[in-house]
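Numbered from 1 within each chain, the chains take letters A, B, ... in sequence-line order.
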Number of protein chains: 2
Amino acid sequence: MYHEVAESIIQAILKNQYEDKLPTEKELVEEYGVSRNTVRKALDVVFAHGMLRRVRGSGYYVIKKPLQSAKVLNMSIGFDENSMVSGGPLKSKVVQFDTIETNEDLAARGNLPLGTKVYRVIRLRYLEERLYSLEESYFPRDVVPYLSDESVQNSIFSFLRETYQMTGDTTENYVHVQALDERYAELVGKKEGDQALGLDAINYLANGTVFNFSRTIFVYDSFALYYHTQNIDVKK
Amino acid sequence: MYHEVAESIIQAILKNQYEDKLPTEKELVEEYGVSRNTVRKALDVVFAHGMLRRVRGSGYYVIKKPLQSAKVLNMSIGFDENSMVSGGPLKSKVVQFDTIETNEDLAARGNLPLGTKVYRVIRLRYLEERLYSLEESYFPRDVVPYLSDESVQNSIFSFLRETYQMTGDTTENYVHVQALDERYAELVGKKEGDQALGLDAINYLANGTVFNFSRTIFVYDSFALYYHTQNIDVKK
DNA sequence: ATTGATTTGTTCGTATGTATC
DNA sequence: GGATACATACGAACAAATCAA
C-alpha cells in the first residue's frame, strides 16, 4: 500500500501540486487513511528518488532541480521508470537481435557463467528524433525463454512484465568512460577512439537471478547521470 | 540505535564473518537485543549500501562484488565514508587554497547565489602513491567560517565534524564526461582535451543549506563508479 | 505434490525523543 | 516554554514466498 501512496505523492510533486513544502505526515495520514508508519515508508521511497529534503521539526521540502532536463538522467529511480525520460518515451532502431553465448567479457559484465546462452539486442535509441544512446543488452535464455520481435522494437521490460510477470528488483550500476570502437563510432556518428559516458547495469529479479544486463552509451553532449545519496551518519 | 546495528553488520560483512548468508532477522533480534523493526531498519541501511540481496521466505545474502577493487568507487554509501577508499585513505597535495566569489558557472554547480564568497580548495589525491583524482571543492564562507591549513592537507570533512559538529546529510551527484583544460591536463599528466570521468557533488546539511560542492576528476584507467538501486515497483 | 515450518514483507498502534518554530 | 513535526523504538498481527519433510 505504501507503494501506492508513494506513487501518488510522486505524481503530485511532478504536477507541481505542492509549491515547495509537502503536507505534514499527520495530514498525509488523514488524506490517505493509513497509519503514520505507512506514510513514512512511502516518504522513504519518494526521498530515495531524490525528490525530497526532510527536516526534523520542520517538514518535507521538494527538490526540483534534477528533473527538468533531458540531459540529466535520474538514476535514483528504478531502471524501468527511466525508460520514460523527461521529454517522452525513447524510440528504438534495432541494429542487431540474435542469440549468442557469453564470452569472458560478457560473463563478467553479466555476473554469469561462461558460455551462457543469451539474447543479444543492440539498439539505437532516439529522444524526439535525436540520437540519445546506443544500448547493448542481454537476456539469459534460461530465464527469458522468448523475446518477440515486436517487444524488441518497443519496450522489452514491458513485454517481460506483461508476459512473464517478470519485474526487476535490484540493479547494480557501473558508470565509466567508454572509448568507441570502429563499429560503434560509426553507428553514433563519432570518430573511433572518441569517448562517451557508459553505463553498465545488471538487473536482478527478487530471487537474485540475473534476467538482464546491458551497456548503454550516451551520446548527448554534456549529458549527466544524476543520483541522490543520503549520508547515513554511523559514527557517534 | 539502528545505526549501530547497521554499522556492526557492515563491519561483519567486510570482515567476511558471514560466508554468503546473513543470520535471520530473528537471530539478529536476539544477538543485538532490539526489536525486529529496528533490525529491519538497520538491514535497510546495509541494503542501501549495495551490500545485500534480500529474498522473501529465504533470507539475506551478501553481495561481494563491488567492494574488492580500488578501481570501483561505491557511491551508494555516504560521501564521507568514501574518503576511505578500499586500499586506504587518500593522501592530498594542495594545489590551491583561497577564497573567491562564485561566478555563474560555480553558482549553478553549487546551487548558490551568484557572488557568494567561498573557500576554494584544489587538490591532487593519491592512493598508495599513485594519482587517483583531481578534486576541486568549495565551501561557502557564511556556512563554513574557517578552514585551517592543516585540515585542507588532510580531511576537511573530519575537521568540520570535529570543529563545528557539521555533518553532511544528503548529496546530489552528477556524473559526466569531463574534457580536461590545459591546466588540469598538465596537473594530471594527460593531454589537453583528453576526457575523464567527472563527478559533481553538492553536499547539504540536514537543514538544507549547502556547505560544500565539488568536482572530482578521476584519472585511473578503466575506473568506474558503482551504485546500487532498488526498483520499487509502483505499477499494479 | 502437499503440508507445515521458516523467513521476509506489510501494516497498525503506541510511546518517547529531539529539532524547529 | 509550548506547540508542532519529524525520528526512533517496541510489540503485535497477518501476508506471501521459500524450504524441507
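Rounded to a whole Å, the CG atom of B:L52 is 15 Å from the C1' atom of C:dT7. The nearest whole Å value for the distance from the CD atom in A:E4 to the C1' atom in C:dT10 is 11 Å. Spacing between atom CG of B:L43 and atom P of C:dT8 amounts to 8 Å, rounded to whole angstrom units. As a whole-Å value, the separation of A:N37 CG from D:dG11 P is 15 Å. Rounded to an integer number of Å, the gap from A:L205 CG to D:dA17 P is 14 Å. Atom pair B:Y60:OH and C:dT6:P shows a separation of 18 Å (rounding to whole Å applied). For A:D44 and C:dT11, the CG to P distance is 13 Å, given to the nearest whole Å. For A:Y2 and C:dT8, the OH to P distance is 16 Å, given to the nearest whole Å.
Here the nucleotide nearest the side chain of A:T38, chosen from C:dT11, D:dC19, D:dC10, is C:dT11. Listed candidates were D:dG11, D:dA16, C:dT10. Nearest to the side chain of B:R56 is D:dA16. Of the candidates C:dT10, C:dT11, D:dA7, C:dT10 carries the atom nearest the B:R40 side chain, counting heavy atoms from C-beta on.
Mapping A:V34 and B:G59 onto DNA chain C by nearest heavy atom places B:G59 closer to the 5' end of the strand. The nearest heavy atom of DNA chain C to A:R36 and to A:G57 marks one nucleotide each, and the one closer to the 5' end goes with A:R36.
Proximity of A:D98 to A:Y119: side-chain heavy atoms (C-beta onward) are nowhere separated by under 4.5 Å.
For A:F213, the ring-ring contact (aromatic ring centres under 6.0 Å, His included) criterion is met by A:Y138, not counting sequence neighbours. The ring-ring contact (aromatic ring centres under 6.0 Å, His included) test applied to B:Y204 returns no partner, not counting sequence neighbours.
Between the B:R123 side chain and the B:V152 main chain, a donor and an acceptor come within less than 3.5 Å of each other.
Under 4.0 angstrom from either OP1 or OP2 of D:dT18 there lies no side-chain N or O belonging to B:S58. Close to D:dT8, at under 4.0 Å from its OP1 or OP2, lies a side-chain N or O of B:K41.
Between B:F211 and B:F157, the two ring planes are perpendicular [angle over 60°; tilted spans 30° to 60°].
Using a cut-off of 4.0 Å between Lys/Arg side-chain N and Asp/Glu carboxylate O, B:R109 and B:D105 are scored as salt-bridged. By the 4.0 Å N-to-carboxylate-O rule, B:E25 lies close enough to B:R36 to be salt-bridged with it.
Looking at residues 15-31 of chain A, you'll see that no heavy atom sits under 4.0 Å from any atom of DNA chain C.
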